[in-house]
Amino acid sequence: MTLKIVQNFDSSFTLEAQAQETLFNLLTTEAFLNQVCQQLQCEQVKFTQLLFQPVPYSLTTTKGMPAEFEKYHESDEYAIINVPPNFMFSAKIFKPSRLCAIYQKVDNG
């Protein structure tokens with residue numbers, strides 16, 4: 001078995017306005033935000049409205065995300081989650097098939 005390194009992967013995508021609005025509404029429901037907080041063991045999170053398509057490992061994308069999002073991966077103030085497939089389906093988003101959302105941890109102290 002050989003490993004093929006992808007030299008370049010186009011991770012750009014555009015969501016229809018209605019699909020984006022539906023997805024953002026689902027990602028900001030109180031129940032979902034509470035679930036994210038429970039998983040992250042923090043008091044509160046805020047959706048940054050930043051989404052990206054996971055990308056294959058390459059020489060320029062060693063974290064599986066477009067390079068411009070790596071700063072969120074490296075920060076303790078942010079969390080990257082996979083958008084649940086049922087949210088994608090509810091918002092009628094089929095391309096791309098996977099998305100990640102970025103949340104900011106809010107310190108209430």
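What you are looking at is a predicted structure, and each value in this text was computed from that prediction instead of being measured.
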For residues [X] and [Y], report the shortest heavy-atom separation together with the two atoms involved.
| X | Y | answer |
| --- | --- | --- |
| Val55 | Met65 | CG2-N, 3.4 Å |
| Gly64 | Phe52 | O-CE1, 4.5 Å |
| Gln44 | Cys37 | CA-SG, 3.5 Å |
| Pro54 | Arg98 | CD-O, 3.5 Å |
| Phe47 | Leu51 | CZ-CD2, 4.1 Å |
| Cys100 | Ile80 | CB-CG2, 3.9 Å |

Looking at [X], I want to see if its [atom1] is surrounded by more than 12 non-hydrogen atoms of other residues, nucleotides or ligands under 6.0 Å.
| X | atom1 | answer |
| --- | --- | --- |
| Glu70 | CD | yes |
| Glu74 | CD | yes |
| Phe94 | CZ | yes |

Kindly compute the distance separating [atom1] ([X]) from [atom2] ([Y]), expressed to the nearest 0.5 Å.
| X | Y | atom1 | atom2 | value |
| --- | --- | --- | --- | --- |
| Thr22 | Leu15 | OG1 | CG | 10.5 Å |
| Gln20 | Gln49 | CD | CD | 7.5 Å |
| Gln53 | Leu99 | CD | CG | 7.0 Å |
| Lys105 | Gln41 | NZ | CD | 9.5 Å |
| Glu16 | Lys92 | CD | NZ | 12.5 Å |

Does the separation of the ring centres of Tyr103 and Tyr78 fall below 6.0 angstrom? no
Is the backbone N or O of Lys71 less than 3.5 Å from a side-chain atom of Ser75, with the two atoms forming a donor-acceptor pair by type? no
Would you check if the side chain of Thr48 reaches a backbone N or O of Ile102 as a donor-acceptor pair within less than 3.5 Å?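 Confirmed, Thr48 side chain pairs with Ile102 backbone.
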Apply side chain to side chain contact (heavy atoms under 4.5 Å, CB included) to the pair Leu23 and Ile93, showing each step before the final yes or no. CA-CA 9 Å; Leu23 184 61; Ile93 299 170; 3.7 Å; yes
Evaluate Ile81 against Phe32 for side chain to side chain contact (heavy atoms under 4.5 Å, CB included), listing each step before the verdict. CA-CA 12 Å; Ile81 65 148; Phe32 188 70; 3.6 Å; yes
